[in-house]
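Take a look at the structure set out below.
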Amino acid sequence: MRFTREFYCRDVLEVAPDLIGTILVRNKGINSSRYLITEVEAYRGEEDQACHARFGLTSRNAIMYDAGGKVYVYLVYGMYWMLNIVAGAAGTPQAVLIRGITGYDGPGKLTRALEIDKGFYGEDLVMSDTLWLEESPVKHRFIQTFRIGIDYASEPWKSMPWRYLIRPQELSASKISIV
DNA sequence: AGCAAGATCGGT
DNA sequence: CCGATCTTGCTG
């Protein structure tokens, strides 16, 4: 079952952990592939000094100010596309960075594998026929740590436990082999 | 208009 | 640890 708008229009700190263990579907027309989401990070509002919205509304982060369910894609280090899911109500700039899926560890590697780039900026996961999310087939537990690659941020944002990853023991379990 | 820095990755 | 690579957004 594909997620509806309401799922995404909650606070990012609720949406992010709920995305662990859900299914990312990439339809390239002739063939569609399904991946289980294993790792995400939450970025929350203009006050979050690690978030791209910390300087307010800009052309790059504009989609984050939309209602949840849209895709926020941007280029980092001149060569890697980052896939984010916009969360929260309209006017609240929040997003979930997809850091890992089954088969691919790392946000830059998974976008390269799924052929996701600037063209997906603003894509609506509720309506799209090329990219969407579906409910988790199995309930997964997760652990939390601080976010990666945000040394530029100040405290307390740098240390917020807003990185969520599937428990290692559940990764090795056979229950995720269905994907 | 110029420039520093970046939500990364792969090779030393 | 370091370089690749180029867009973004701040600063002047």
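Side chains included, hydrogens not; waters and symmetry mates left out as well; all remaining heavy atoms used. Chain identifiers are assigned alphabetically (A, B, ...) following the order of the sequence lines, protein sequences preceding nucleic acid strands; residue numbering begins at 1 within each chain.
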Using a 3.5 Å cut-off and no angle test, enumerate the donor-acceptor pairs between side-chain atoms of residues 112-119 of chain A and protein atoms at least two apart in sequence or in another chain.
| from | atom 1 | to | atom 2 | distance (Å) |
| --- | --- | --- | --- | --- |
| A:E115 | OE2 | A:K28 | NZ | 2.9 |
| A:D117 | OD1 | A:G119 | N | 3.0 |

Compute whether any side-chain donor of one residue and acceptor of the other, for [X] and [Y], lie under 3.5 angstrom apart.
X      : Y      : answer
A:E123 : A:S128 : yes
A:W157 : A:E155 : no
A:T145 : A:R163 : yes
A:Y72  : A:Q94  : no

Output the residues of residues 108-116 of chain A in contact with DNA chain B, where contact means a heavy atom of the residue under 4.0 Å from an atom of the strand; sort by number or write none.
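Only A:G108, A:K109, A:R112 qualify.
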Secondary structure of DNA chain C per the Watson-Crick/G-U criterion (both distances under 3.5 Å; [ ] crossing, | other strand, . unpaired) is ||||.||||||.
- Has A:R147 got its NZ or CZ under 6.0 Å from the middle of the six-membered ring of A:Y43, at an angle within 45 degrees of the ring axis?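 Yes, a cation-pi geometry holds between A:R147 and A:Y43.
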Anything under 3.5 Å between a donor and an acceptor, one on a side chain of residues 13-23 of chain A, the other on a protein residue two or more places apart or in another chain? List them.
| from | atom 1 | to | atom 2 | distance (Å) |
| --- | --- | --- | --- | --- |
| A:D18 | OD2 | A:R10 | NH1 | 3.0 |
| A:D18 | OD2 | A:R10 | NH2 | 3.0 |
| A:T22 | OG1 | A:L19 | O | 2.7 |

NA contact type, A:A50, heavy-atom cut-off 4.0 Å: base, sugar-phosphate, or nothing?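 Base contact.
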task: Report which part of the nucleic acid A:I150 touches: base, sugar-phosphate, or nothing (heavy-atom distance under 4.0 Å, all strands).
output: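 Sugar-phosphate, no base atom in range.
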Practice problem: Taking all heavy atoms of A:A95 and all of A:M64, pick out the closest pair and write down the distance. | Solution: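 So the minimum-distance heavy-atom pair works out to CB-CE, 3.8 Å.
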Heavy atoms of other groups near A:D105 CG, more than 12 under 6.0 Å: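 Result for CG/A:D105: open.
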Using the C1' atom as the point on both nucleotides, what is the distance between C:dC2 and B:dA5, in whole Å?
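16 Å, rounded to whole Å.
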Tell me whether A:I143 is reachable from A:L97 by hopping between hydrophobic residues (I, L, V, M, F, W, Y) whose side-chain heavy atoms are closer than 4.5 Å.
->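 No.
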Open item on the list: If hydrophobic clusters are built by linking Ile, Leu, Val, Met, Phe, Trp and Tyr wherever their side-chain heavy atoms come under 4.5 Å apart, do A:L83 and A:V126 end up in the same one?
Closed with: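 Yes, A:L83 connects to A:V126 through the hydrophobic network.
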Whether each nucleotide of nucleotides 2-12 of chain C has a protein heavy atom under 4.0 Å at its base (B), only at its sugar-phosphate (S) or at neither (-) is summarised, 5' to 3', as --BBBSSSS--
Residues A:R44 and A:D48 bridged, charged N to O under 4.0 Å:
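Judged by the 4.0 Å cut-off on N to carboxylate O distance, A:R44 and A:D48 do not form a salt bridge.
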- Message: Could you check whether A:R2 pairs with A:E134 (Lys NZ or Arg NE/NH1/NH2 to Asp/Glu carboxylate O, under 4.0 Å)?
- Response: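 The answer is no: the pair does not qualify as a salt bridge.
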- Range on DNA chain B touched by chain A - first to last nucleotide, heavy-atom distance under 4.0 Å: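 Here the contact window of chain A covers B:dG6 to B:dG10.
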